[in-house]
J.: 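There's a structure below that I have some questions on.
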Amino acid sequence: MTQYLLSVHSVADAAPPEPMSEEQMQQMMGQVYALQDQMKAAGAWVFGGRLAEPDTATVVRMSGNEVLTTDGPFVESKEHLGGFYIIEADDLDAALAWAAKTTAVIGAPIEVRPFRDEPRA
């Protein structure tokens with residue numbers, strides 16, 4: 001099976017959504033956990049996580065022989081990575097089916113990308 005990254009993207013310049021009530025938040029998280037349970041039961045689940053806001057990022061890079069760190073996201077963008085799932089699927093169509101379920105629950109765009117299958121040396 002191929003592993004796929006399902007990237008959950010948040011749009012930075014979109015109007016902020018109305019704050020959720022505690023009941024709405026619990027209902028949405030229940031749907032997220034139910035989706036994750038479906039992935040696990042189907043043998044598709046590998047790993048997933050929700051990320052903190054982009055302004056909490058630190059970028060590490062090389063400049064000659066020196067390691068530099070800077071605050072904030074690497075790129076200025078209207079969208080940022082808000083979270084992700086790593087799944088295993090038989091093919092792209094199966095991965096897209098999981099992405100469709102994910103976007104329906106989360107309400108954010110989902111980018112689907114396969115991991116490269118590179119032989120080890």
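Residue numbers start at 1 and run along the sequence shown.
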J.: From Met25 CE over to Met28 CE, what is the distance, rounded to the nearest 0.5 angstrom?
T.: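 Between Met25 CE and Met28 CE, I get 5.0 Å after rounding to 0.5 Å.
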
J.: Are Thr58 and Asp71 side-chain neighbours, meaning at least one heavy-atom pair lies under 4.5 Å?
T.: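 Contact flag for Thr58/Asp71 side chains = yes.
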
J.: Could you go through residues 83-95 and list every donor-acceptor pair under 3.5 Å that involves a side-chain atom there, pairing it with any protein atom two or more places apart or in another chain?
T.:
residue : atom : partner : partner atom : Å
Tyr85   : OH   : Gln36   : NE2          : 3.3
Glu88   : OE2  : Gln3    : NE2          : 3.3
Asp91   : OD1  : Asp93   : N            : 3.2
Asp91   : OD1  : Ala94   : N            : 2.9

J.: Checking Thr103 side chain against Ala100 main chain: does a donor-acceptor pair fall under 3.5 Å?
T.: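 It does not hold such a pair.
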
J.: To check you understand the geometry: which heavy-atom pair defines the closest contact between Ala44 and Trp98, and what is its length?
T.: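 Shortest heavy-atom contact: CB-NE1, 3.6 Å.
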
J.: Check whether any side-chain heavy atom of Glu111 lies under 4.5 Å from a side-chain heavy atom of Val8, and answer yes or no.
T.: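 They are not in side-chain contact.
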
J.: What are the two closest non-hydrogen atoms of Thr56 and Glu53, and how far apart are they?
T.: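 Minimum heavy-atom separation between Thr56 and Glu53: OG1-O, 2.6 Å.
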
J.: To the nearest 0.5 Å, what is the distance between OG1 on Thr102 and CD1 on Ile110?
T.: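 Rounded to the nearest 0.5 Å, the OG1-CD1 separation comes out at 5.5 Å.
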
J.: In Å and rounded to the nearest 0.5 Å, what is the CG to CG distance from Leu51 to Leu81?
T.: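 Answer rounded to 0.5 Å: 5.0 Å.
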
J.: If I take atom CD from residue Gln27 and atom OG from residue Ser21, how far apart are they, to the nearest 0.5 angstrom?
T.: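 Gln27 atom CD to Ser21 atom OG measures 8.5 Å (nearest 0.5 Å).
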
J.: Return the minimal non-hydrogen interatomic distance between Pro19 and Gln24, and the atom names on each side.
T.: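 Reported closest heavy-atom pair: O-OE1, 4.2 Å.
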
J.: When you compare the side chain of Met39 with that of Leu6, does any pair of heavy atoms fall below 4.5 Å?
T.: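 Yes - at least one pair of side-chain heavy atoms lies under 4.5 Å apart.
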
J.: Got a second to check how far Phe115's CZ is from Leu5's CG, nearest 0.5 Å?
T.: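 Nearest 0.5 Å value for the CZ-CG distance: 5.0 Å.
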
J.: Nearest 0.5 Å, what's the NZ-CG distance between Lys40 and Leu35?
T.: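 Reported to 0.5 Å precision, the distance equals 10.5 Å.
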
J.: Do Val67 and Met62 have side chains that approach each other closer than 4.5 Å (heavy atoms only, starting at C-beta)?
T.: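 Result yes, sub-4.5 Å side-chain heavy-atom pair found.
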
J.: If two hydrophobic side chains count as joined below 4.5 Å and joins carry through other members, does Val46 share a cluster with Leu96?
T.: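 No; Leu96 is not reachable from Val46 via cluster members.
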
